[in-house]
Each structure stands twice: as structure tokens, then as C-alpha cells.
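Notes follow once the structure below has been shown.
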Amino acid sequence: MKKLFGTFGVRGIVNRELTPELAYKLGLALATHLGNRGKVAIGRDNRTSGFMFESSVVAGLLAGGCDVLRLGLTPTPVLSFSIHHFKCDAGVIITASHNPPEYNGIKLWGSDGAGFERQREREIEKIVETGGTTVGWDRIGKALSADAVSAYTRALLQRVPKIKRKLRVVVDCGSAVGSLVTPYVLRELGCEVISMNSQLDGTFPGRKLEPVPENLQDLAKTVVACGADLGIAHDGDADRTLIADEKGNLLSGDRVFAFAALNYLQHRKRPRIITTVATSKVIDDVAQKLNGQVVRTRVGEPEIVGEYKRNGGDIGGEENGGVLFFDWTPCRDGIMTAVQFVLALAESETTVSELNSTLPQYHQVKQRIECPNELKPRVLQQLSEQEWEGQLTTIDGIRIDFDDGWLLLRPSGTEPIFRCFAEAKTAKRAAELAELGMARLKEAVEKSSS
Ligand code: MG
């Protein structure tokens with residue numbers, strides 16, 4: 001059977017890997033999977049191919065007897081929220097998140113607003129292969145539409161207090177769909193908002209969409225030039241957020257998660273924080289402050305959601321700035337993340353850089369080494385059999401926790417590489433740990449290929 005779904009839905013280059021024909025088949029397969037009935041919410045980001053794929057998926061759903069709730073241009077968290085808000089049986093988002101404009105993707109969601117589990121994706125793949133079931137002319141689905149952005153914005157603003165302090169915020173949405181929500185929400189919250197890269201443009205001319213420091217230098221400079229209190233940036237579908245302080249320094253995704261968590265969980269008893277093995281120890285510091293607990297999972301949003309569904313939890317997050325507020329919607333929500341960070345800042349009555357210094361500082365080194373996919377299991381086996389001077393865990397790759405830092409050696413799920421993450425309280429120790437990790441990796445790859 002052909003594997004269609006990757007780590008975040010079906011993704012590929014438009015009209016080469018991902019075609020309107022495949023989109024139609026996916027729509028029909030989803031309708032068939034739902035028993036040729038029910039209502040499905042569908043949204044898209046503003047890529048040039050968005051309307052084309054939306055039309056194809058909608059045609060498949062209608063031909064398969066499902067009603068469709070068309071939401072139009074929608075950030076991913078707004079789609080997730082809309083599924084339960086409008087009582088739909090499933091959802092579809094058409095986005096390629098942070099990938100370049102020539103890509104697009106299709107991801108499926110359950111009635112609770114969480115992404116389909118692996119098992120359900122497998123079932124869809126099976127139906128695509130054998131062909132879905134269409135219905136007769138008198139059972140074709142109906143196409144409805146709804147204003148998801150307004151519903152989401154209203155519900156979000158009902159949950160959070162207005163800020164009492166005047167904050168000047170620069171928002172950079174990368175010319176993508178975050179522009180439809182975040183600048184307005186922050187203004188309603190009481191911020192003075194300066195927006196940049198916030199005209200929708202499916203060619204994304206302003207910057208690359210991945211919210212990482214090298215792509216956000218214009219934001220950093222604008223924050224300083226405007227004398228703003230902070231800068232906020234999203235990826236292409238606004239499920240991730242990065243923050244710049246008033247001096248133009250970018251906070252890592254871990255720390256955005258940490259401050260969002262501190263604010264969101266401040267009144268909860270023993271909160272359960274779900275994160276992956278790749279996240280900074282700063283999350284443990286947060287848990288300690290809140291008298292809560294950290295649960296570590298394998299890397300990836302589905303792993304965090306899976307743990308939440310099995311055992312419950314209050315908040316989830318990743319080192320890349322994706323945070324999930326489970327009792328809001330079980331999907332990474334960059335808009336809510338930005339709001340929680342702004343609330344934390346407003347309450348602190350300090351600057352972002354001062355707020356940032358209230359949690360311990362860590363230094364991180366991230367490196368990679370090439371490793372063919374077929375060698376990965378052998379390399380991992382070798383690494384786990386070696387003597388390490390720290391505490392070894394094997395949740396995902398191997399992680400070794402030392403007294404003064406940690407090291408993670410993990411095979412990438414998508415590329416033929418092994419990743420090496422090191423973190424410590426000093427830059428020197430982080431570099432030492434990374435060097436140790438890379439040396440051990442190099443040796444293990446060489447041994448495995450001989
Ligand atoms: Mg994204």
C-alpha cells in the first residue's frame with residue numbers, strides 16, 4: 001500500500017507530487033471513511049494552489065455524501081477550533097505550514113479538533129488505493145459556509161482578560177493567514193499593533209515562513225526601530241510562534257512555550273505539562289514553579305496529542321514554538337500562544353528581556369550528521385549499548401541526562417540524517433556535550449556501514 005501521509009498530512013510540490021486528482025480521492029476517501037454522511041469543515045491557507053485543492057477535496061466529499069462547511073482562508077488552529085465549535089464530524093486543512101510556496105498539503109482532523117491518528121490515516125490510504133464510494137444524485141452533500149475567524153476571535157477574547165498596560169507589538173505573519181487573526185486579536189486585547197508582512201500573498205515575498213531567527217531579522221530590526229515592547233512571528237498556518245524582545249533578540253521556541261505555560265497554568269493545581277525529549281530543561285523549571293509535572297514523549301505534535309488523549313494534560317508544547325492548550329483546542333495554536341505571552345508580559349510589568357531572565361538560561365547546540373535511513377536502527381542500537389556517564393532514556397533516539405546538561409541523539413523521521421542536540425548551563429559545556437555526541441555518532445555510523 002502506498003504511504004501518503006507524512007508527519008503532517010499529505011504534502012508535496014503542487015501539480016507534481018500533490019495533484020487535484022489526489023485531493024479529490026482524499027475527499028472521497030474521507031467521506032467513505034465517515035460512512036457517506038456527516039459534516040466536514042474545510043479551511044485553507046493562502047497559497048496560490050489553495051482554492052484548487054479546496055475545490056477538489058470539496059468535490060470528493062460532496063460526491064461521497066458528506067456536507068461541507070467551507071471556512072475559506074483559515075489558520076490551522078482556527079480550523080481545529082471550528083470543528084468542535086460548529087459540531088462537525090471531521091475537518092480538512094489545506095496548508096504546507098512553513099514549506100516554500102510551491103508546496104501544499106492536506107491534513108485530516110477528527111471531531112474533537114485533533115489531527116487524525118496514524119491508524120485513521122492508514123484507513124484513508126487503504127480507501128484511496130481501492131477507491132472510495134460515491135452516492136446517488138439524491139444523496140449528494142450540501143455545501144455550507146461559516147465565518148470561522150470571527151467565531152474563533154470572539155471565543156478567544158471571552159476567555160482572556162484585557163491587558164491594563166499599553167504594549168507596542170510588531171506582528172510579522174509572513175504574508176500568510178495569521179494576518180487575518182493575530183493583529184486584530186492583539187488590538188482587541190489592548191495592544192498597539194504594528195503589522196509587517198501582513199498583506200496576504202501566496203508567493204510569500206517578505207520572508208521564508210519557518211519561524212526561526214535567521215528568517216526573522218527584519219522583525220527584530222523593526223521592533224528596535226519602532227521602540228516596540230516585543231515582536232511576534234508565525235509560520236504559514238499560524239500554529240507556531242516566535243518572540244523577539246525589545247532589543248531585537250529572538251527567544252527560542254522552548255522559552256516561548258515556557259512563558260505561555262507559566263501564564264496559562266498559573267491558577268491550576270499540579271498541572272500536567274506534556275512535551276518531547278527535544279525540549280529544554282526550562283520546562284522542568286516551569287513545572288517546579290507551578291508545582292506541576294512534566295511528561296516527555298517522542299518528537300512530534302501527534303505524540304503529544306496521543307499522550308494527552310491517553311492520560312490527560314493541561315498544556316503541550318515543542319521546542320519549535322508550537323504550543324497546545326488542551327481545554328481550548330487540541331492543536332498547536334500560535335495565536336493563543338502569542339496572547340498568553342503578551343498577558344504574561346503585561347502582568348510582569350517588566351520588559352521581555354527582563355521577563356526572560358526570570359527563568360534559568362541554557363545554551364543549546366544543534367548539529368546533524370548524514371546517515372542512510374537503512375542504517376538508522378543499527379546506529380541507534382550501538383549508541384544505546386555504549387557506556388554513558390549520565391542517565392540514559394530511549395523514548396525517542398537516546399537522551400542522556402547529565403548533572404549539568406543533556407544530550408539527545410535522534411534519527412530524523414523525514415530526512416537521512418541523525419540529529420544531535422546538546423543543552424547545558426554554559427556555552428562551553430553545551431559545546432563539549434555536542435562534540436561528544438557527534439564523535440559517538442560518527443563512530444557508530446562508520447561501524448554500521450562497514
Ligand atoms: Mg505550521
Side-chain angles (χ1 to χ4, degrees), residues 5-12 14 18 42-47 49-50 53 71 73-83 91-109 113-116 148-149 152 171-182 197-198 200 202 204 206-216 219 232-243 252-254 256-257 260 275-276 278-279 299-305 316-325 328-339 341 413-414:
F5 290 89
T7 43
F8 194 95
V10 182
R11 215 175 268 189
V14 172
L18 185 60
I42 181 164
R44 62 180 154 92
D45 73 13
N46 59 311
R47 286 162 196 275
S49 58
F53 287 121
L71 308 177
L73 295 170
T74 326
T76 296
V78 175
L79 179 273
S80 164
F81 165 86
S82 299
I83 297 168
V92 180
I93 188 77
I94 296 166
T95 180
S97 185
H98 60 272
N99 288 140
E102 62 270 28
Y103 283 79
N104 214 333
I106 299 172
K107 185 172 162 64
L108 309 180
W109 303 77
F116 265 20
V149 166
Y152 171 95
V171 182
D172 177 351
C173 297
S175 315
V177 283
S179 322
L180 296 170
V181 188
T182 305
N197 295 328
S198 289
L200 293 184
F204 310 120
R207 64 161 167 91
K208 289 185 180 163
L209 291 175
E210 173 123 62
V212 289
E214 58 264 38
N215 295 338
L216 302 177
L219 171 68
I232 291 173
H234 293 312
D235 67 331
D237 62 336
D239 64 350
R240 287 166 57 190
T241 294
L242 226 60
I243 302 280
S252 69
D254 308 288
V256 174
F257 172 29
T275 191
T276 79
T279 311
V299 170
E301 181 186 7
E303 304 289 341
I304 293 174
V305 174
E318 296 177 298
E319 89 295 346
N320 62 15
V323 185
L324 300 94
F325 307 86
W328 166 238
T329 202
C331 158
R332 294 188 299 197
D333 188 338
I335 302 155
M336 183 59 109
T337 305
V339 166
F341 193 95
T414 49

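Numbering of ligands and ligand atoms starts at 1, following listing order. Bear in mind the structure is a predicted one, so any value in this text is a computation, not a measurement.
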From OH (Y152) to OG1 (T329), nearest 0.5 Å: 8.5 Å
Side-chain touch E319/D254, heavy atoms, less than 4.5 angstrom: yes
Atom pair CZ/CG of R44 and L71 - distance to nearest 0.5 Å: 10.5 Å
Distance, nearest 0.5 Å, that separates CG of L73 from CD1 of I94: 11.0 Å
Candidate list N197, N46, V171, L200, test side chain to side chain contact (heavy atoms under 4.5 Å, CB included), partner S179, passing option: L200
Passing candidate, side chain to side chain contact (heavy atoms under 4.5 Å, CB included) with T76, options D235, D237, D333, V177: D237
2.8 Å cut-off (strict), protein N, O or S atoms about the Mg ion (ligand 1): 4
